[in-house]
Amino acid sequence: MYRPLLLAGAALASSPVASGIAGAQDGGATVARMRPVADPDRMAARIEAQMTDAERTGMLIGIMPIPFPDVPDVPAGLPVTAGWVNGVPRLGVPPLAETDASLGVTNPGQLRPGDTATALPAGLALASSFDSDLAERAGAMIGSESRAKGFNVLLAGGVNLTRDPRNGRNFEYLGEDPLLAGRMGGHAIRGIQSQGVISTIKHFVLNGQETQRYTANSIIDPDALRESDLLAFQIGIEIGRPASVMCAYNLVNGAPSCGNAAMLNDVLKRDWGYKGWVMSDWGAVDGVDFLMKGLDQQSGAQLDKQRWFDGPLKQGLANGSIPRERVSDAVRRILRGIYAVGADRQPGNAPIDKAANAQVALEAARAGIVLLKNDGVLPLAEQARTILVVGGNALFGVLSGGGSSQVTANGDAPQVLHPGGEGLDGQLSRQVYFASSPVKALRAALPKATIGFANGYSVGTAAAMAAKADMVVVFATKWEGELYDSGSIDLPQGQDALIAAVAKANRNTVVVLETGNPVAMPWLDEVRAVVQAWYPGQEGGTAIADVLTGRSNPSGRLPMTWPRSLVDDPRPQIPGLGLPFRTPVDVRYTEGAAVGYRRIDRDPNAVLFPFGHGLSYTRFSHSAPTIRGRNAYDLTVSVTVRNDGDRAGADVPQVYLVERGGRPLKRLVGFQRVVLQPGESRTIAMTVDGRLLSDFRDRRWTNPAGRYVFAVGTSATGLEQTVSVVLPQRTAAP
Ligand code: BGC
């Protein structure tokens, strides 16, 4: 739960977090279990059978132990963190010490004084790497920090698809494509859980905008949902096996996500056979009946109108209105997760290797930077003598996204801006710049150049200084955060005018963007290069300088379509924007499963850069693809990639289904990042997931018989050679 309130005066001494997790006990003896138990289902059944009813129900409710002024009943002695669920010490069941989230271990309100953590770049940066191995290592890194700090649950794994380029939380997520988001999210979860820390996958499901997030009713064709947002979750769950799914605030087709039997009981637990537990989002539960609809645990219960899974649950159990078996099932699901992951192990107490973890953050930031445009001006020439950097607070550091995922980063103290003002964005705006200076990093990388800085507040001054430099690099930032969507895709605070004026004064102008979403670029034709750095994390300044100077060859690819404007958007206005907080509003996802680039009928003029786009300082070529297999569930597409340039670099060949039975369509069905030395070539084989060739109808995946045409390319529109195959119809389980 993100609380905008500033906590001056509310600071508490932090409890030693590591003391929070009891040592696991088995048969009375305390053991430090070093690996998950072999049969978590049996273990869960055995432990649950020994519980009293009070012990059972106690596991189904959690609190938010953060002493924010508007959060009541916070017991003393717990660590200040997002969530806490009591354990059952008698049976060796550990408490669940829950922390946010995907970009690093957070410290809400900085109420654990001095407790900093390694801050990864935005989820969108990780997604831009198209590198599932990197996602897994990044997950393992934050998992290990969680464990070392005494937390055994990370509220990570945000895989909500980008359906609105103004969504304030897109930066936490993994883009618009179900295969990309599911695969990257699944690997990040796998990495986290490899450290004995449970991960969630969230927010289930179709939490597509922050505006009116508690009352927005996401309306979509249920089959289209299976082919899009649900498919991202399904793939993520199959790869990562997260012990828990966090349901969302919004409603889906009229029923609250956390009390949505169609989503939780039917899709997740019945059709997918999910064995873990469903925890609510913080303040998303409206009644004890949610238990029967598939919710297993009420989180952050003080934020709901009632502690539903306490008194009302106990009453229901006693009077028989709530079946005992349902309660036992919910408890076994939680226990199973604990034992499957090894979250009952004692916290490692291992010292955190900050330097090694910073390298992971640096690698992720470099891999996530997308070179959108370059007419050859980049990498910065060694001979440029005077370079002027303008704007974006770039002398100090790099911007990060706001909300519950906000990490208090290692390194020097951040700069925090509170612009204030009315409305949610006024209250919520807490803009944190991590102390990683792109200017200092550029000065270190280019010792022979004179690198100046104009803060950009005065357009005239910046333009006058720009006119005297050999080169200009303008940094533009746009803060985004939880609970709040931007009303447009424009850069705020006159930055467009600044860029245009500087570019007019000096034609060697490069723009670096630090944003949590695509932004309009009215000045695009006037600048020579554009670098999308997203929110690049605690090592962001270094990563940006590395890319600008060519020390790191950019390899990021866009995980979402970059619109030129919103004229072609399915929802030109954000439903509910500007209405009073908690106004019920319908959000109609009429595009169905045709999210982002999949809407092939969209006006090409409405797209500035396609999904999958990203440039390099070297050149790659792709052979004609070949295909092997006899049906939709048995297909492999292979392509040989060659580095034709004179620098090492990484390419991300992408395979799209472009035609099926004579009809055009567009779906990403395979991708792989491959690092190649100059002149090196490699053949990669990509296994196709049959669901991506199918439609979801009548509770089954079915692919029609006919000819399937696949194209290999550099983006959703940069398609090269094709290959086709005739496939029989097949159906597959949901
Ligand atoms: C957010 C979740 C987060 C939880 C706990 C909620 O407001 O939506 O993503 O994990 O709070 O902080």
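Values in this document were obtained by computation on a predicted structure and should not be read as measured data. As the structure lists them, so they are numbered: ligands from 1, and atoms in each ligand from 1. Both backbone and side-chain heavy atoms feed into the values below; hydrogens, waters and symmetry mates do not. For the single chain, residues carry numbers from 1 onward in sequence order.
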Does any N or O atom in W282 lie less than 3.5 angstrom from one in ligand 1, N or O only? no
Counting from 1 in the order shown, the ligand 1 atoms closer than 4.0 Å to a non-hydrogen atom of M246 are 10 (O)
Is there a heavy atom of M64 sitting under 4.0 angstrom from any atom of ligand 1? no
Of all the atoms in ligand 1, which lie at a distance below 4.0 Å from a heavy atom belonging to K202? 2 (C), 3 (C), 9 (O), 10 (O)
Just to verify, what does N217 make a side chain to side chain donor-acceptor pair (under 3.5 Å) with, not counting sequence neighbours? D586
What pair of heavy atoms forms the shortest contact from Y535 to E514, and how long is it? CE2-O, 3.8 Å
Does E98 have a non-hydrogen atom less than 4.0 Å from ligand 1? no
Measure the shortest side-chain to side-chain distance between W479 and S429 over non-hydrogen atoms and say whether it is less than 4.5 angstrom. yes
Output the list of atoms in ligand 1 that are nearer than 4.0 Å to some heavy atom of R169, sorted by atom number. 1 (C), 2 (C), 8 (O), 9 (O)
Tell me which part of M279 gets within contact of ligand 1: side chain, backbone, both or neither, using heavy atoms under 4.0 Å. neither
Side-chain ion pair, D296 and K269, N-O less than 4.0 Å: yes
At the 4.0 Å heavy-atom cut-off, does E482 count as touching ligand 1? yes
Please state which part of E210 comes within less than 4.0 Å of ligand 1, counting heavy atoms only: side chain, backbone, both or neither. neither
Would you call D229 and R163 a salt bridge, taking side-chain N to carboxylate O under 4.0 Å as the test? yes
Would you find a donor on one side and an acceptor on the other, under 3.5 Å apart, between the side chain of N207 and the backbone of A248? no
Salt bridge (charged side-chain N to carboxylate O under 4.0 Å, His left out) contacts in which one or both residues fall within residues 191-209, not counting sequence neighbours: D100-K202
Pull out every atom of ligand 1 sitting under 4.0 Å from any heavy atom of R213, numbered as shown with elements. 7 (O), 8 (O)
